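Keep in mind it's a predicted model, so treat the numbers as computed, not measured. The sequence lines fix the lettering, A, B, ..., with proteins before strands; numbering per chain opens at 1.
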Amino acid sequence: MAELCGIVGIGQTKLAAKRVDVSMPGLVREAADRALLDAGLGWADIDAVVVGKAPDTFEGCMLPELYLADSLGAPGKPLLRVHTAGSVGGSTAIVAASLIQAGIHDRVLTVAYEKQSESNAMWGLTISAPFGVAVVAGAGGFFAPLVRGYIRRSGAPADVGIRVAVKDRLNALKNPYAHLHLKDISHEMVEQSPMLWDPIRLLEACPSSDGACAMVLAREDLAQRAPTPPAWIHATAMRSEPTMFAGRDAINPEAGKMAARDLYAKAGITNPRREIDCAEIYVPFSWFEPMWMENLGFAEEGAGWRMTLEGATALDGDLPVNMSGGVLSSNPIGASGMLRFAEAAMQVRKQAGEHQIEGARRALGHAYGGGSQYFSMWIVGSEKP
Amino acid sequence: MRDVAVLSFAQSTAARETERNEVEILMPVVREVIAASGLERSRIEFTCSGSSDFLQGQPFAFVMALDAVGAWPPIRESHVEQDGAWALYEAWVKIQTGEVDSALVYGFGKSAAGNLGDILAMTLDPYCVTPLWPHADSIAALQARAWIESGKGSERSLAEIAARNRAAARSNPHAIVSGTETVDELLSRPYVASPLRAHDCPANGDGASAIVLAAGDLARSVSKRPAWIRGIDHRVDPAALGVRDLTRCRSAELAAQKAGVARDKIDIAEIYAPYSHEEAILREALGVPDTASVNPSGGALCAHVMMSCGLQRIGEVARRILSGEADRGVAHAAHGPALQQNLVCVLEGD
Amino acid sequence: MVEPVKSIVTPIRLEYDYTPGRATSRFLRGIAQHRILGQECPSCLKVYVPARGSCPRCAVPTEREVDVQDSGTVVTFSIVRVPSENIHFELPYACASILLDGAGIPFFHVLQGLAPEEVRMGMRVKARWVPTEKLGPTIASIECFVPSGEPDAALETYGEHT
Ligand SMILES: [Zn+2]
């Protein structure tokens with residue numbers, strides 16, 4: 001039987017378009033130092049380090065964890081490097097947790113980062129093979145047709161995406177770490193922002209950010225002694241499916257549904273909408289909120305958009321979603337998944353400040369990547385499972 | 001800890017795959033390793049792979065590889081941007097959690113699609129070293145020079161290591177180079193980056209390898225003689241070459257100690273040493289006795305498919321235990337400039 | 001106090017030999033002869049275009065080659081208004097997921113010959129090839145897709161591919 005694992009330290013950097021004030025080692029160190037401080041621990045207390053980030057081509061550094069080993073306090077310790085596309089921040093936390101759950105280590109530091117400003121990430125995403133033609137620019141070009149398909153399929157009103165975009169930016173105003181602080185955000189402002197990848201407008205898309213997130217995970221007895229009560233991991237799940245095959249539903253992918261079912265079963269949850277207090281999910285384009293509400297089983301298929309319209313996903317709704325402002329407000333790609341997982345943990349530890357959900361006892365963290373084909377998620381709670 | 005064993009191993013290596021892409025290389029390897037494992041595909045509960053985007057020159061290179069493994073219905077899957085040996089480590093950890101009992105692990109890469117020696121400059125300090133574009137052979141040569149200057153060996157020792165590996169590779173159908181040269185013949189050849197000559201440097205190639213793992217009872221139910229993983233550990237050293245004693249490999253010493261290499265005799269050692277001097281340094285670090293057969297496959301000097309090569313070392317040891325040829329062996333994988341990161345895996349038969 | 005160095009520029013140029021693979025090579029050789037070749041999965045009988053050598057759903061190799069039409073239905077699309085160094089089309093332009101007649105999965109290409117706001121799901125389109133003497137083993141041998149003038153297809157005929 002697996003050991004219980006608690007999150008005892010959480011740290012994140014200020015997320016911004018360009019962090020020219022720090023190098024890559026400086027960036028990861030900023031997050032790691034904060035996580036250790038939160039945990040009341042020093043570098044010597046850490047047994048192993050698990051690093052995650054999206055493609056190495058984004059910064060132009062191959063296997064950058066090797067160069068970052070010193071700044072992560074890793075020399076003499078095991079160092080793992082995870083890469084599962086956009087879901088990587090979540091997968092990295094899950095791999096780190098498994099080192100504790102397997103009884104191999106007592107305390108593990110996990111860090112995810114992206115410093116996109118050091119290279120041209122849009123170019124990095126659009127490299128096309130010879131003999132081909134680059135037809136879509138960046139991730140938006142890939143996901144816009146899926147959004148169009150969802151709108152057609154669900155019959156959702158055209159402004160659902162705008163409402164999500166406004167809600168998440170309002171939430172970001174309560175989060176000092178968020179990249180975008182759009183003080184005068186409004187329905188009109190999003191509606192009038194340029195259409196980038198029709199039907200996705202500029203303000204319905206995530207920004208490109210530099211940033212890092214770190215967590216310290218610990219074995220049950222050590223977690224119990226943490227200065228701030230830990231977030232206990234109730235369940236984790238990961239699933240992957242191929243990018244394309246005949247009959248694949250890329251709008252409501254089976255891998256996501258399957259991971260959610262597995263997650264709820266492990267956590268003993270039968271009614272996720274009622275039993276989960278808040279969710280921080282990976283929404284890089286606003287329409288993905290209703291899409292993932294369905295995929296995660298919070299709403300019936302075709303009805304996810306109603307949750308947005310009814311205000312269920314707002315901070316004062318029955319299932320607040322993306323309390324931190326989400327990916328729409330900050331997107332350091334490799335770290336984005338871990339930021340979601342960390343926000344869920346912060347909520348159940350009552351550390352979320354102005355965006356704290358009163359009485360949050362059980363929270364979901366979610367990430368996805370590739371062509372909506374890699375999913376990682378966890379449920380954390382203020383009490384032991 | 002749960003008992004975990006290697007059930008099967010398959011590999012593909014070639015100097016250059018000019019016809020097949022990564023998926024086409026991987027697919028038969030995966031089919032072969034699953035067929036040899038005795039497990040049905042549907043009984044394999046976890047999949048983990050290792051590869052590097054920089055080898056392909058394209059982001060998300062590993063995503064397409066999912067086509068080769070049968071990821072439908074969706075699978076529990078993960079990927080490390082490291083050698084497949086670290087993917088095996090992650091799979092071993094997953095089995096230790098009790099969540100799964102079996103795993104498919106693979107590593108793949110096209111080390112020959114680009115100029116690996118130049119590409120590896122991207123693994124160095126991006127602000128102060130990469131802009132100088134040091135070639136991988138030059139970085140290795142710095143370490144070889146330090147090793148020779150320390151009095152631990154000579155250029156002749158390097159040639160002896162190369163000659164033995166090249167001779168051993170003659171019986172390995174997956175080797176890219178092999179040879180019957182004498183030590184003196186090798187020493188008469190020109191330097192690539194002194195003190196290293198071409199035969200002291202890796203024969204880079206394209207390929208893939210795969211392993212199926214299973215836990216205790218499941219392994220016993222399908223295999224008469226599984227290759228049990230009795231210890232596995234990995235460690236990293238500081239990045240800067242200047243702060244390390246390049247004549248030894250501390251992270252490998254530590255990993256070997258944690259993996260319990262010295263707990264019993266060693267029949268065979270497969271060491272990831274793409275440069276001749278690395279084999280000598282690692283042999284010492286791992287504590288491999290003189291009686292052990294070292295790199296009977298010809299090693300990374302004779303076939304170096306980065307991201308697969310470390311997993312192949314584990315496979316080469318496991319293969320000999322599965323067949324009864326050896327009882328206990330140590331496999332090693334490495335990453336990074338001048339052996340910065342090292343993994344050690346001890347395997348035993350019943 | 002030393003003036004901080006906030007940025008350095010390191011140009012990187014790495015060259016790779018690209019291998020499309022056997023299945024894609026066959027597809028590209030077909031394109032050079034004005035043909036669009038797919039491969040049929042022996043298990044689920046779906047036709048993959050471009051051929052990839054395997055059916056990811058069934059995890060079996062695909063070998064049987066099948067000609068598919070150069071006409072098809074727009075399954076979904078996006079109007080792109082974001083410039084990128086790698087893109088050579090004039091903005092804005094439509095990129096579409098097109099289900100070719102006879103194919104089991106849609107593929108991406110650019111749609112031209114109409115105003116972006118006129119593009120719609122279900123629209124029937126046809127490939128516009130480069131002149132015969134310029135045909136080569138590259139997907140660029142199909143310049144783009146253009147409206148074929150046929151009536152729109154019903155959602156049931158392509159809905160599962162959105
Ligand atoms: Zn099929």
Atom of B/Gly70, atom of C/Ala59 and distance for their closest heavy-atom approach: CA-CB, 3.2 Å
- prompt: When rounded to the nearest 0.5 angstrom, what is the spacing between OG in C/Ser7 and OH in B/Tyr127?
  reply: 9.5 Å
statement: Output for pair (B/Asp67 CG, C/Tyr48 OH), nearest 0.5 Å, gives 8.5 Å
- prompt: If only atom types and distance count, is the side chain of C/Tyr16 paired as donor or acceptor with the main-chain N or O of B/Ala112 below 3.5 Å?
  reply: no
message: Test your reading of the model: is there a side-chain donor-acceptor pair from B/Asn21 to the backbone of C/Thr19, 3.5 Å cut-off?
response: no
Segment of [X] engaging chain C (4.5 angstrom heavy-atom cut-off):
X: B/Pro28; value: neither
X: B/Ile25; value: neither
X: B/Glu22; value: neither

Answer yes or no: is there a side-chain heavy-atom contact under 4.5 Å between [X] and [Y]?
X: B/Phe54; Y: C/Leu14; result: yes
X: B/Met27; Y: C/Ser54; result: yes
X: B/Arg31; Y: C/Pro61; result: yes

For chain C, the option from B/Gly114, B/Ala121, B/Ala71, B/Ala113 that forms the most heavy-atom pairs under 4.5 Å: B/Ala113
- request: Give the member of B/Ile119, B/Asn115, B/Thr130 that has the highest number of heavy-atom pairs under 4.5 Å with chain C.
  value: B/Ile119
message: Does any backbone or side-chain atom of C/Val5 lie under 4.5 Å from a heavy atom of chain B? Answer side chain, backbone, both or neither.
response: neither
- prompt: Can you tell me if CD on C/Glu90 sees more than 12 non-hydrogen neighbours from other groups inside 6.0 Å?
  reply: no
task: Please indicate whether B/Arg16 has more than 12 foreign heavy atoms, meaning atoms of other residues, nucleotides or ligands, lying under 6.0 Å from its CZ.
output: yes
C/Arg22 with B/Glu24: basic N within carboxylate O range, under 4.0 Å: no
task: Output, in order, the C-alpha distance, side-chain angles, deciding distance and verdict of side chain to side chain contact (heavy atoms under 4.5 Å, CB included) for B/Val23 and C/Arg52.
output: CA-CA 9 Å; B/Val23 175; C/Arg52 297 149 62 96; over 6 Å; no
